[in-house]
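Down below is the structure, laid out as structure tokens.
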Amino acid sequence: MRGYIFVLIIASLFIPSIARAAGTSKVCVRDCCIQAQIAFSSEERAAGLMSRERLGLEEGMLFIFDRPLRYSFWMKNMKFPLDLIWISRDKTVVDITRSAQPCVDSCESLYPAEPAKYVLEVNAGFAAAHNIQIGDRMDF
């Protein structure tokens, strides 16, 4: 019985990291691709990148919602600025929030100009560096 419990405890330590590794997607626009962690659940979407110290140059987080709306985001408890790329149901960029800064006391809510089904968070300056524009098609 002890061996069985030990296996369950060890397995439970590794399953979350395996699930997170599987919860990624390659996101591309033209010739530029990043590896994005997927935020599926409302808990994952609420936490976002808050716990991260930094984000790699070719990393991001892709938020997936059930339907297109003007979802609000904020930069509470963030440690670095981000670009938010708002993406429609047909995977077209509908808005870009550039260099959203971390907030401390009061946090501004960030909204897209148009409804979005997906939001891609990347390091600040990423959209400008890769000339990402409204109307560009994203592949993931």
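Since the model is a prediction, treat every value here as computed from it, not as a measurement.
- Among residues two or more places apart in sequence or in another chain, the salt bridge (charged side-chain N to carboxylate O under 4.0 Å, His left out) test is passed with Arg52 by Glu59.
- No continuous path of hydrophobic side-chain contacts links Ile96 to Leu110 [ILVMFWY only; heavy atoms under 4.5 Å].
- For Val94 against Ala116, the heavy-atom pair with the smallest separation is CG2-CB, 4.3 Å.
- Applying the disulfide (SG to SG under 2.5 Å) criterion to Cys32, with sequence neighbours excluded, gives no partner residue.
- Residue Leu120 forms a side-chain contact (heavy atoms from CB on, under 4.5 Å) with just one option from Leu84, Ile34, Val93, and that option is Ile34.
- Every side-chain hydrogen bond (donor to acceptor under 3.5 Å, both in side chains) that Arg30 has, sequence neighbours left out, goes to Asp136.
- The salt bridge (Lys or Arg N to Asp or Glu O under 4.0 Å) analysis of residues 71-86, with sequence neighbours excluded, yields the pairs Glu53-Lys79.
- Looking only at distances, a side-chain donor or acceptor of Lys117 sits under 3.5 Å from a matching main-chain atom of Asp66.
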Worksheet entry | side-chain contact (heavy atoms from CB on, under 4.5 Å) evaluation trace for Leu82 with Leu55 | CA-CA 9 Å; Leu82 296 171; Leu55 196 56; 4.2 Å; yes

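- Linking Ile, Leu, Val, Met, Phe, Trp and Tyr whenever their side-chain heavy atoms come within less than 4.5 Å leaves Met61 and Phe40 in two separate clusters.
- Cluster annotation: Val119 and Met75 are assigned to the same hydrophobic cluster (Ile/Leu/Val/Met/Phe/Trp/Tyr, side-chain heavy-atom contacts under 4.5 Å, transitive).
- The backbone N or O of Ala113 sits less than 3.5 Å from a side-chain atom of Asp95, completing a donor-acceptor pair.
- Glu114 CD to Thr92 OG1: the interatomic distance, rounded to the nearest 0.5 Å, is 11.5 Å.
- For the pair Leu49 and Met78, the minimum side-chain heavy-atom distance is below 4.5 Å.
- For the side-chain contact (heavy atoms from CB on, under 4.5 Å) test, residues two or more places apart in sequence or in another chain that qualify with Arg45 are Ala39, Ser42, Phe63, Phe65.
- Linking ILVMFWY side-chain heavy atoms closer than 4.5 Å, directly or via other members, places Ile134 and Tyr111 in two distinct hydrophobic clusters.
- Residues in residues 44-140 take part in these disulfide (SG to SG under 2.5 Å) pairs, two or more places apart or across chains: Cys103-Cys107.
- At most 12 heavy atoms of other shown residues, nucleotides or ligands fall within 6.0 angstrom of atom CD in Glu108.
- For the atom pair CG (Leu57) and CZ (Phe126), the distance works out to 9.5 Å, reported to the nearest 0.5 Å.
- For Lys26 (side chain) and Cys33 (main-chain N/O), no donor-acceptor pair under 3.5 Å exists by modelled atom type.
- The structure places CE of Met138 at 11.5 Å from OH of Tyr118, a figure rounded to the nearest 0.5 Å.
- The hydrophobic cluster containing Val122 also contains Phe140, counting ILVMFWY residues as joined when their side-chain heavy atoms lie under 4.5 angstrom apart, directly or transitively.
- Without hydrogens or angle criteria, Gln101 side chain to Ser99 main chain gives a donor-acceptor distance under 3.5 Å.
- Between Ile38 and Ser25, the shortest heavy-atom contact is CD1-CB, 3.5 Å.
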